Amino acid sequence: MPETTELSPQYSPTAIEAPLYQEWMARGLFKPETRRSDDPFVMVIPPPNVTAQLHMGHGLNDTVQDVIVRFERMRGRETLWVPGTDHAGIATQNVVERLIAKEGKNRRDIGREAFVERVKSFVAETGSTILEQLKAIGCSCDWSRTRYTFSPEMSRAVREVFVRLWDEGLIYRGHRVIHWCSHCLTSLSDEEAEHTEHDGHLYHIRYPLEDGSGHVTVATTRPETLLGDVAVAVNPEDEPKQKFVGKRVRLPFNGELIPIIADEAVELGFGSGFLKITPAHDPNDFEIGQRHKLPAPLILTPDAKLADLSLEGKAGGRVPAELFGMDRFEARRVMVEQLKHLKLLDKIEPHRNAVRHCYRCDTIVEPRLSDQWFVKIRPLAEPALAAYRNGEVKFIPERRGREYEQWLENIRDWNISRQLWWGHRIPIWYCDACKTTKAYREDPSSCEKCGGALRQDEDVLDTWFSSWLWPFSTLGWPDQTPDLERFYPTDVLVTAPEILFLWVARMIFSGLHFMKQLPFHTVYLHGTVRDTQHRKMSKSLGNGIDPLDVVQLYGADALRFTVINGLSVGTDIILDNTDLEATFASGRNFANKLWNVGRLVLSHAESLSADSGPRPAASWPLADGSKLALSDRWILSRLDRCVRETTDHLERFRLNDSTGTPYHFLWDDFADWYLEAIKPRLYGDEPGGDVARAVAVHCFDTVLRLLHPVMPFITETLFRKLPGNADATIVLAPWPAGDRNDTAAEEDFAFVQALVDAIRVIRADAGVKPGQTVAASVAGLTAKTRASIDAERVTIMRLGKLSSLDEAAASGPGGYGVLPAGASVFVALSGAIDIQKECARLGEECSRLEKQLSALEAKLANEKFLAKAPPDVIATEREKRASWAEKIGTLRAKVKALGC
RNA sequence: GGGCGGUUAGCUCAGUUGGUUAGAGCGCUACGUUGACAUCGUAGAGGUCACAAGUUCGAAUCUUGUACCGCCCACCA
């Protein structure tokens with residue numbers, strides 16, 4: 001056998017994948033410059049955190065993108081998939097802080113500058129790990145355009161955006177209660193503080209009245225904050241309580257005297273009707289406090305310990321010595337005990353409420369009064385909302401669009417300042433001399449107004465304040481680069497639904513605002529990877545699957561196929577981390593099947609080119625129909641149907657169907673039927689081998705292309721073994737077209753299949769040994785069905801393991817099968833047949849059909865059905881009735897003949 | 001509290017505008033060393049399509065209700 005067609009008998013993915021990837025890169029196949037077109041297809045990767053290690057979430061996300069981009073590349077479009085990483089402010093800072101904690105230090109010991117340097121060197125060491133891992137699963141990114149959200153270029157874009165928003169009056173300093181993470185020691189945006197429901201308690205606490213006339217009872221979930229209370233409020237509509245308004249109560253523990261006020265924010269009918277007001281530690285209370293011009297004492301340190309602080313410069317003495325420095329939850333426990341002793345605790349009710357958690361460390365977020373930078377969001381959100389409502393941006397699945405819409409309708413200003421050291425420093429400088437505050441594109445040396453010394457804001461920007469610019473900052477903005485010109489806007493954004501608001505929506509804001517164009521027209525949001533208990537795969541649960549393990553064991557193609565094949569639109573993907581063998585069996589088995597089909601086809605492909613010169617163009621033997629056997633016409637028609645459907649599925653992002661369609665074609669139609677049908681021709685037992693080889697090669701070549709997006713490595717390997725393809729690459733091979741629709745051939749071959757199936761069933765039921773041949777007769781043929789049998793006589797004989805096949809009425813002992821179009825088949829089984837069993841089998845089938853038929857006849861006798869159902873439905877039902885009746889007739893005749 | 005999904009074979013899921021004998025993969029059973037493949041082949045078992053009512057000639061598919069599961073949003077302490 002010539003060397004070019006030689007494939008190792010054993011499919012071993014690890015041997016082929018890595019070298020192929022290197023070669024693809026060396027040839028620059030993933031660079032848009034490799035093939036220019038007028039309609040580039042562009043995607044930007046959701047940048048993984050720079051400290052990340054590849055997990056199944058990436059495995060899924062990046063495979064989906066690769067499938068899409070490879071599909072578009074094969075369709076002839078110039079493609080660009082921009083890779084990169086995110087500096088991930090909080091997450092990365094936490095990682096490095098943990099590292100230096102092992103050295104017994106914290107970041108303040110080291111100092112800001114040194115700490116930032118430390119993080120930078122950490123990132124320099126490990127930052128490319130994840131990108132290298134993406135190569136192992138075959139991602140066809142243009143690595144020459146790799147970006148990083150904290151590179152100097154990105155920093156310039158961030159500065160530009162900040163200054164522009166500042167100049168437009170869309171950035172302001174806000175004094176309000178924000179979400180504070182006492183572990184990460186920073187404020188968070190609304191989106192970074194996630195709600196979780198908790199079973200908590202509602203504590204009813206007595207506040208004694210100043211005049212000694214009794215007490216009022218407040219209801220709270222957070223007793224420890226009472227030290228920061230500045231009032232008790234009742235609803236003005238709450239008549240019985242109006243007599244308390246204007247009086248004062250004395251706070252337990254610190255004896256502060258606070259007024260009772262009336263405010264309509266107090267919900268009627270909730271709790272005790274008395275609301276304690278803690279302006280510095282509750283956003284509602286802050287607003288009530290503002291309305292009543294109350295102070296706002298802070299009574300918690302940044303790391304959530306009781307202490308006396310105040311932004312108002314007042315207060316002090318609110319936290320008694322015995323509680324000072326105590327953690328908030330410990331304080332709650334202690335204070336509740338104390339209140340019990342003091343007989344100031346009326347009752348504790350169970351109470352379920354939602355508490356916000358830090359999305360990075362899961363610590364319960366503390367509402368905290370502070371000064372932060374905000375982006376005025378409505379002016380940005382309105383156009384983004386309009387774009388959705390106009391249908392300019394589409395979400396898959398659609399319901400995610402409704403979530404997007406709902407979020408935009410209720411959106412609030414975006415807190416963009418973080419009290420971290422790792423991130424883009426806020427480009428605001430203060431002049432203490434002339435009291436100006438200004439945003440600068442370039443670091444200023446002195447105040448441009450008075451020449452005085454400047455002081456830069458200490459905070460850094462939210463990580464998402466750089467990633468929201470990703471679709472254009474990666475292309476060179478704010479410069480008008482050729483890339484920006486050519487590749488913006490991008491086409492499809494593929495990501496997980498978790499970051500719809502954090503990232504996707506904001507990219508739409510920034511794209512519309514700074515580029516005046518949507519950053520992409522389609523947002524594809526795939527599900528989450530979960531284990532068999534439907535828990536999200538995570539490091540902490542230890543239920544993850546390392547994609548690289550899977551690549552090592554079964555290959556990237558098997559991984560990719562399994563994941564994509566299991567990915568229905570809008571559903572999560574469930575994988576069993578305890579049984580990788582079973583989990584990835586579908587992908588591995590299919591790759592193996594493909595490989596072996598390849599071995600068969602390719603071993604004959606070489607003689608094709610030897611016999612017929614260069615491999616025939618797609619027009620042959622397709623144009624010369626006269627030489628095609630029925631099976632050839634059938635498989636070519638099936639193939640083109642498969643091409644059309646696969647294309648359609650990919651266009652509609654029905655990714656599981658896009659793999660399922662060629663899977664079934666390759667396995668069920670091509671391998672199980674066609675290859676078996678042509679073996680006699682392939683091996684020279686029958687004439688027409690050249691045509692069979694040509695058709696087989698054409699089908700195989702085509703299905704390889706259809707599978708290339710999902711299984712890039714194996715398809716490339718097999719593709720190059722096709723005659724004349726030694727130097728070709730499937731990466732840039734044209735996507736096939738499928739115009740043929742030979743319904744006559746499909747119908748005729750289906751009859752052949754039904755005949756073979758019937759014979760096989762009879763054999764299996766009678767327990768005929770696989771090696772033993774039997775004689776079969778068919779009856780009730782029409783000219784058409786007779787022609788079909790004649791056309792594929794050899795196939796039927798082979799697959800039915802027949803010694804003879806003639807047209808005759810049934811006689812003697814044997815098995816009986818009913819075929820479409822009034823035909824029937826009889827297999828003579830002298831002696832071998834168990835009459836009892838055969839009678840039972842036929843009787844069963846007969847009664848099943850009779851039951852169906854009587855239901856159908858009732859339907860056809862129904863006047864209303866005849867009057868209202870569409871004519872084509874009625875016609876179909878009548879055809880069914882005729883064919884079933886015919887089947888029953890032949891079955892009955894057989895039953896009678898057998899003397900059952 | 002507001003909004004939105006889901007419930008189909010042991011498991012994971014298809015089922016596109018209501019008309020099929022309700023499908024696939026994995027798993028399971030029986031048989032099989034047939035000129036590529038035992039990571040395979042052939043045959044097969046397995047489902048009252050969550051439950052109830054309704055619309056319709058006809059419902060897994062549409063409507064309403066119930067139960068359970070899940071997602072998004074949320075300043076009733």
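Predicted model only: the values in this text are computed from it and were never measured. In the text below, chain A, chain B and the rest are named by the order of the sequence lines, each starting its count at 1.
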S.K.: Taking the minimum atom-to-atom distance to the side chain of A:N353, which one of B:A77, B:G32, B:U20 wins?
M.R.: B:A77
S.K.: What integer number of Å spans the C1' atoms of B:G32 and B:G23?
M.R.: 27 Å
S.K.: Please work out if A:D672 contacts a base, only the sugar-phosphate, or nothing of the nucleic acid, heavy-atom cut-off 4.0 Å.
M.R.: sugar-phosphate
S.K.: Side chain of A:D685, base of B:G35: donor and acceptor closer than 3.5 Å?
M.R.: yes
S.K.: What nucleic acid atoms does A:I574 come within less than 4.0 Å of, heavy atoms only: base, sugar-phosphate, or nothing?
M.R.: sugar-phosphate
S.K.: Please pick, from B:U21, B:C37, B:A77, the nucleotide with the shortest atom-to-atom distance to any side-chain atom of A:F270.
M.R.: B:A77
S.K.: If the P atom of B:A52 is compared with that of B:U61, how far apart are they to the nearest Å?
M.R.: 13 Å
S.K.: Once you apply a heavy-atom cut-off of 4.0 Å, does A:P870 come out as touching a base, just sugar-phosphate, or nothing?
M.R.: base
S.K.: If you measure from the Lys or Arg side-chain nitrogens to the Asp or Glu carboxylate oxygens, is any gap between A:R402 and A:E405 under 4.0 Å?
M.R.: no
S.K.: Can you figure out which of B:G19, B:A74, B:C31 approaches the side chain of A:K769 most closely?
M.R.: B:C31
S.K.: Give A:A671 one of three labels, base, sugar-phosphate or nothing, depending on what nucleic acid heavy atoms sit under 4.0 Å from its own.
M.R.: base
S.K.: In dot-bracket notation, what is the pairing pattern of RNA chain B, taking Watson-Crick (N1-N3 plus N6-O4 or O6-N4) and G-U wobble (N1-O2 and O6-N3) contacts under 3.5 Å, with [ ] crossing and | for other strands?
M.R.: (((((((..((((.....[...)))).(((((.......))))).....(((((..]....))))))))))))....
S.K.: Round to the nearest Å and state the distance from A:Q772 atom CD to B:A43 atom P.
M.R.: 18 Å
S.K.: Can you find a heavy atom in the side chain of A:L675 that is under 4.5 Å from one in the side chain of A:F670?
M.R.: yes
S.K.: Does A:E287 come within less than 4.0 Å of A:R176, counting only side-chain N to carboxylate O?
M.R.: no
S.K.: Say we look at B:G58 and B:G18: how far apart would their P atoms be, to the nearest angstrom?
M.R.: 15 Å
S.K.: Side chain of A:R654, heavy atoms from C-beta onward: which of B:U16, B:G19, B:A74 has the nearest atom to it?
M.R.: B:U16
S.K.: Using a cut-off of 4.0 Å on non-hydrogen atoms, how would the nucleic acid contact of A:R222 be classed: base, sugar-phosphate, or nothing?
M.R.: nothing
S.K.: Base, sugar-phosphate, or nothing for A:R760, non-hydrogen atoms under 4.0 angstrom?
M.R.: sugar-phosphate
S.K.: Has the side chain of A:E676 got a donor or acceptor atom sitting under 3.5 Å from an opposite partner on the base of B:A36?
M.R.: yes
S.K.: When the distance from NE2 of A:H534 to C1' of B:U12 is rounded to whole Å, what number comes out?
M.R.: 8 Å
S.K.: Pick the C1' atom in B:G3 and in B:C13, then give their distance to the nearest Å.
M.R.: 27 Å
S.K.: Figure out the CG/P separation between A:D576 and B:C11, and round it to whole Å.
M.R.: 13 Å
S.K.: Among B:G5, B:A43, B:A14, which nucleotide has an atom closest to any side-chain atom of A:A764?
M.R.: B:A43
S.K.: Can A:E366 and A:R222 be counted as an ion pair, charged N to O under 4.0 angstrom?
M.R.: yes
S.K.: Can you tell me which nucleotide in B:A14, B:C75, B:G35 comes closest to the side chain of A:P680?
M.R.: B:G35
S.K.: Using the P atom in both, what is the distance from B:U21 to B:U29, to the nearest Å?
M.R.: 32 Å
S.K.: Quick one: label A:A354 by what it contacts on the DNA or RNA (base, sugar-phosphate, nothing), any heavy atom closer than 4.0 Å.
M.R.: base
S.K.: Write down the distance separating the P atoms in B:U33 and B:C37, rounded off to the nearest Å.
M.R.: 15 Å
S.K.: If you take the centroid of each ring, where Trp contributes its six-membered ring, are A:Y683 and A:H604 closer together than 6.0 Å?
M.R.: yes
S.K.: With a 4.0 Å heavy-atom cut-off, tell me which residues in residues 871-884 of chain A come close to RNA chain B, sorted by residue number.
M.R.: A:V873, A:K880, A:W884
S.K.: Using the P atom as the point on both nucleotides, what is the distance between B:A22 and B:A50, in whole Å?
M.R.: 15 Å
S.K.: Decide if the gap between the ring center of A:F561 and the ring center of A:Y663 is smaller than 6.0 angstrom.
M.R.: yes
S.K.: Counting only side-chain heavy atoms from C-beta out, which of B:A77, B:A74, B:U12 sits nearest to A:R356?
M.R.: B:A74
S.K.: To the nearest 0.5 Å, what is the distance between CG on A:N589 and CH2 on A:W667?
M.R.: 5.5 Å
S.K.: Do A:T225 and A:K276 meet the criterion of a side-chain donor-acceptor pair at a distance under 3.5 Å?
M.R.: yes
S.K.: Counting only distance, no hydrogens or angles, is the base of B:G35 paired donor-acceptor with the side chain of A:R798 under 3.5 Å?
M.R.: yes
S.K.: Return the value, rounded to whole Å, for the distance between atom OH of A:Y663 and atom P of B:U39.
M.R.: 15 Å
S.K.: Out of B:U21, B:A36, B:C76, which nucleotide sits closest to the side chain of A:K593?
M.R.: B:A36
S.K.: One thing to verify: whether A:K536 and A:E498 come together as a salt bridge, which I'm taking to mean a side-chain N less than 4.0 angstrom from a carboxylate O.
M.R.: yes
S.K.: Need one value for A:V761: base, sugar-phosphate or nothing, where a base atom within 4.0 Å counts as base even if backbone is also close, heavy atoms only.
M.R.: sugar-phosphate
S.K.: Once you apply a heavy-atom cut-off of 4.0 Å, does A:Q10 come out as touching a base, just sugar-phosphate, or nothing?
M.R.: base
S.K.: Nearest to the side chain of A:E197, heavy atoms from C-beta on, is which of B:A77, B:A74, B:C75?
M.R.: B:A74
S.K.: Please classify the nucleic acid contact of A:A219 as base, sugar-phosphate, or nothing, using heavy-atom distances under 4.0 Å.
M.R.: base
S.K.: Could you measure between the two C1' atoms, the one in B:C49 and the one in B:G6, and give it in whole Å?
M.R.: 14 Å
S.K.: Within the stacking criterion (centroid distance below 5.5 Å, interplanar angle below 30°), does A:Y683 stack on B:G35?
M.R.: yes
S.K.: So what does A:F501 hit on the nucleic acid, given a heavy-atom distance under 4.0 Å: a base, only sugar-phosphate, or nothing?
M.R.: sugar-phosphate
S.K.: Do A:V827 and A:V768 have side chains that get closer than 4.5 Å, going by heavy atoms?
M.R.: no
S.K.: Do A:D669 and A:Y674 have side-chain heavy atoms sitting under 4.5 Å apart?
M.R.: no
S.K.: Classify the nucleic acid contact of A:E403 as base, sugar-phosphate or nothing, counting any heavy atom under 4.0 Å across all strands shown.
M.R.: sugar-phosphate
S.K.: So A:V266, base contact, sugar-phosphate only, or nothing? Heavy-atom distance under 4.0 Å.
M.R.: base
S.K.: Would you check if there is a donor-acceptor pair between the side chains of A:E192 and A:H179 at a distance under 3.5 Å?
M.R.: no
S.K.: Output the single nucleotide from B:U20, B:C76, B:G3 whose closest atom is nearest the side chain of A:K859.
M.R.: B:U20
S.K.: Where along residues 555-563 of chain A does a heavy atom fall under 4.0 Å from RNA chain B?
M.R.: none
S.K.: Classify A:D572 by what it touches in the nucleic acid, base, sugar-phosphate, or nothing, heavy-atom distance under 4.0 Å.
M.R.: sugar-phosphate
